[in-house]
*Asks:* 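For reference, the structure I am asking about is given below.
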Amino acid sequence: NGLVSTVGVGDAVIKAISDDNEDVYGSCTVHVLPVQVESIALSKTSLTLQTGSSKKIDTIITPSNADNKEVTWESSAKVDENGNVTGVAEGGPVIVTATTKNGGYQASCKVTVQKDAIPVSSVTLDQENYYFISDYFSDKNAFENAPVIRMEATVLPDTATNTDVTWESDTPGVATV
């Protein structure tokens, strides 16, 4: 019927061969390309840690199904191939940069190393209330996917040693995070 489906990355020659004479055919070379990286972001744009401690910076590659998500890390700070940054000496900020091997896209994080821990004084969300209005829960005209929103947490002060947060929902039967 002429419907060509991709199965993997590579090249294939597709032929339409005459049932009357197998020596008569038309052909087309199909090139299936890998999904290319379009951008990179980091889980943190700034990071403060104590001397001797380590924190991981995660990469966010778009699209999520990109074929090659490998990155290289560069910095005068101590950073390993997985994005783990270790505070060696007090100072900063220094720039840690992740570069995608596919496309050469870059994202950076400012890293400051301090001797003493600075405690968190507050955490706020960018939304105080949010109302999902959706036909997803309706019997008529239901949407295929549940509605989503990405909330952002702000941790103060910016120089706090541990700005990581754990997300949770008090009613997972209604909303999960």
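No experiment lies behind these values; they were computed from the predicted model shown.
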*Asks:* Is the count of non-hydrogen atoms from other residues, nucleotides or ligands lying under 6.0 Å from K110 atom NZ greater than 12?
*Replies:*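 Open: at most 12 neighbouring heavy atoms sit under 6.0 Å from NZ of K110.
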
*Asks:* With heavy-atom distances below 4.5 Å as the criterion, would you say the side chains of T86 and K55 are in contact?
*Replies:*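 A side-chain contact under 4.5 Å is absent here.
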
*Asks:* Can you see which heavy atom on V85 is nearest to which on V79, and at what distance?
*Replies:*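 Of all heavy-atom pairs spanning V85 and V79, the closest is CG2-CG2, 3.9 Å.
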
*Asks:* Side chain to side chain donor-acceptor pair (under 3.5 Å) with Q127: which residues, sequence neighbours excluded?
*Replies:*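 With neighbours one apart ignored, the set is empty.
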
*Asks:* Looking at side-chain heavy atoms only, is the closest gap between K15 and V13 below 4.5 Å?
*Replies:*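 Yes - at least one pair of side-chain heavy atoms lies under 4.5 Å apart.
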
*Asks:* If you define the side chain from C-beta out and look only at heavy atoms, does anything of V165 sit under 4.5 Å from V155?
*Replies:*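 Yes, side chains in contact.
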
*Asks:* Counting N and O atoms only, with roles assigned by atom type, does the side chain of N102 sit under 3.5 Å from a partner on the main chain of V37, one being a donor and the other an acceptor?
*Replies:*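 Looks like yes, one N/O pair under 3.5 Å.
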
*Asks:* What pairs of residues pass the salt bridge (Lys or Arg N to Asp or Glu O under 4.0 Å) test when at least one of them lies in residues 64-78, not counting sequence neighbours?
*Replies:*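 Matches after skipping sequence neighbours: E70-K101.
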
*Asks:* Kindly say whether I95 contributes a backbone atom to a donor-acceptor pair with the side chain of S75 at under 3.5 angstrom?
*Replies:*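 Such a contact is found between S75 side chain and I95 backbone.
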
*Asks:* Any donor-acceptor pair under 3.5 Å linking the side-chain atoms of T97 with those of Q106?
*Replies:*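 Distance-only check fails for Q106 and T97.
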
*Asks:* Decide yes or no for C109 and T45: does some side-chain heavy atom of the first lie under 4.5 Å from some side-chain heavy atom of the second?
*Replies:*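 The answer is no; the side chains never approach within 4.5 Å.
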
*Asks:* Quick one: CH2 on W73 to CD1 on I57, what's the gap to the nearest 0.5 Å?
*Replies:*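 Between W73 CH2 and I57 CD1, I get 5.0 Å after rounding to 0.5 Å.
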
*Asks:* Would you list the pairs meeting salt bridge (Lys or Arg N to Asp or Glu O under 4.0 Å) in which at least one residue belongs to residues 42-53, sequence neighbours left out?
*Replies:*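 Applying salt bridge (Lys or Arg N to Asp or Glu O under 4.0 Å) to every pair that reaches into residues 42-53, excluding sequence neighbours, yields K44-D164.
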
*Asks:* So, D126 side chain and M151 main chain: donor-acceptor pair closer than 3.5 Å or not?
*Replies:*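 Side chain of D126 to backbone of M151, a donor-acceptor pair under 3.5 Å: no, none is there.
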
*Asks:* Report yes if the side chains of S169 and V174 come closer than 4.5 Å at any heavy-atom pair, otherwise no.
*Replies:*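 Counting from C-beta outward, S169 and V174 never come under 4.5 Å.
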
*Asks:* Between V35 and P63, is any pair of side-chain heavy atoms under 4.5 Å apart?
*Replies:*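 Contact flag for V35/P63 side chains = yes.
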
*Asks:* Checking the side chain of N1 only, and the main-chain atoms of L3 only, is there a donor and an acceptor separated by less than 3.5 Å?
*Replies:*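 Judged by distance alone, yes, a pair lies under 3.5 Å.
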
*Asks:* Looking only at non-hydrogen atoms, find the nearest pair between A107 and A41 and report the distance.
*Replies:*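 Of all heavy-atom pairs spanning A107 and A41, the closest is CB-CA, 4.0 Å.
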
*Asks:* Not counting sequence neighbours, which residues clear side chain to side chain donor-acceptor pair (under 3.5 Å) with T163? List them please.
*Replies:*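 Checked T163 against side chain to side chain donor-acceptor pair (under 3.5 Å); zero matches.
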
*Asks:* Is it true that the side chains of Q114 and T51 contain a donor and an acceptor less than 3.5 Å apart?
*Replies:*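 Side chains of Q114 and T51: no pair found under 3.5 Å.
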
*Asks:* With ILVMFWY side chains joined below 4.5 Å, transitively, what does V4's cluster contain besides itself?
*Replies:*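 Same cluster as V4: I14, V30, V32.
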
*Asks:* Working to the nearest 0.5 Å, report the span between CD1 of I118 and CG of D116.
*Replies:*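 Here the interatomic distance stands at 8.0 Å.
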
*Asks:* Compare all side-chain heavy atoms of I61 with those of V71 and state whether any distance is below 4.5 angstrom.
*Replies:*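 Yes - at least one pair of side-chain heavy atoms lies under 4.5 Å apart.
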
*Asks:* Just how far is it from atom CG of L125 to atom OG1 of T154, taken to the nearest 0.5 Å?
*Replies:*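 If I round to the nearest 0.5 Å, the distance is 8.0 Å.
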
*Asks:* Atom OG1 of T124 and atom CG of L156: how far apart are they, to the nearest 0.5 Å?
*Replies:*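 Taking OG1 in T124 and CG in L156, the distance rounds to 6.0 Å.
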
*Asks:* Check ring-ring contact (aromatic ring centres under 6.0 Å, His included) between Y25 and all other residues, then give those that pass, not counting sequence neighbours.
*Replies:*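 ring-ring contact (aromatic ring centres under 6.0 Å, His included) check on Y25 returns nothing, list empty.
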
*Asks:* Check whether any side-chain heavy atom of P157 sits under 4.5 Å from a side-chain heavy atom of S121, and report yes or no.
*Replies:*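 SC-SC contact between P157 and S121 confirmed.
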
*Asks:* For residues L42 and T59, report the shortest heavy-atom separation together with the two atoms involved.
*Replies:*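 Scanning both residues completely, I find the closest heavy atoms to be CD2-CG2, 3.9 Å.
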
*Asks:* Would a hydrophobic clustering, with Ile, Leu, Val, Met, Phe, Trp and Tyr connected at side-chain separations under 4.5 Å, put V177 with I60?
*Replies:*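 V177 and I60: separate clusters.
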
*Asks:* Please name the pair of heavy atoms, one in V96 and one in A77, separated by the smallest distance, quoted to 0.1 Å.
*Replies:*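 That closest heavy-atom pairing would be CG2-CB, 4.3 Å.
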
*Asks:* Roughly how far, to the nearest 0.5 Å, is OG1 of T100 from CD1 of I40?
*Replies:*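 The CD1 atom of I40 sits 6.0 Å away from the OG1 atom of T100.
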
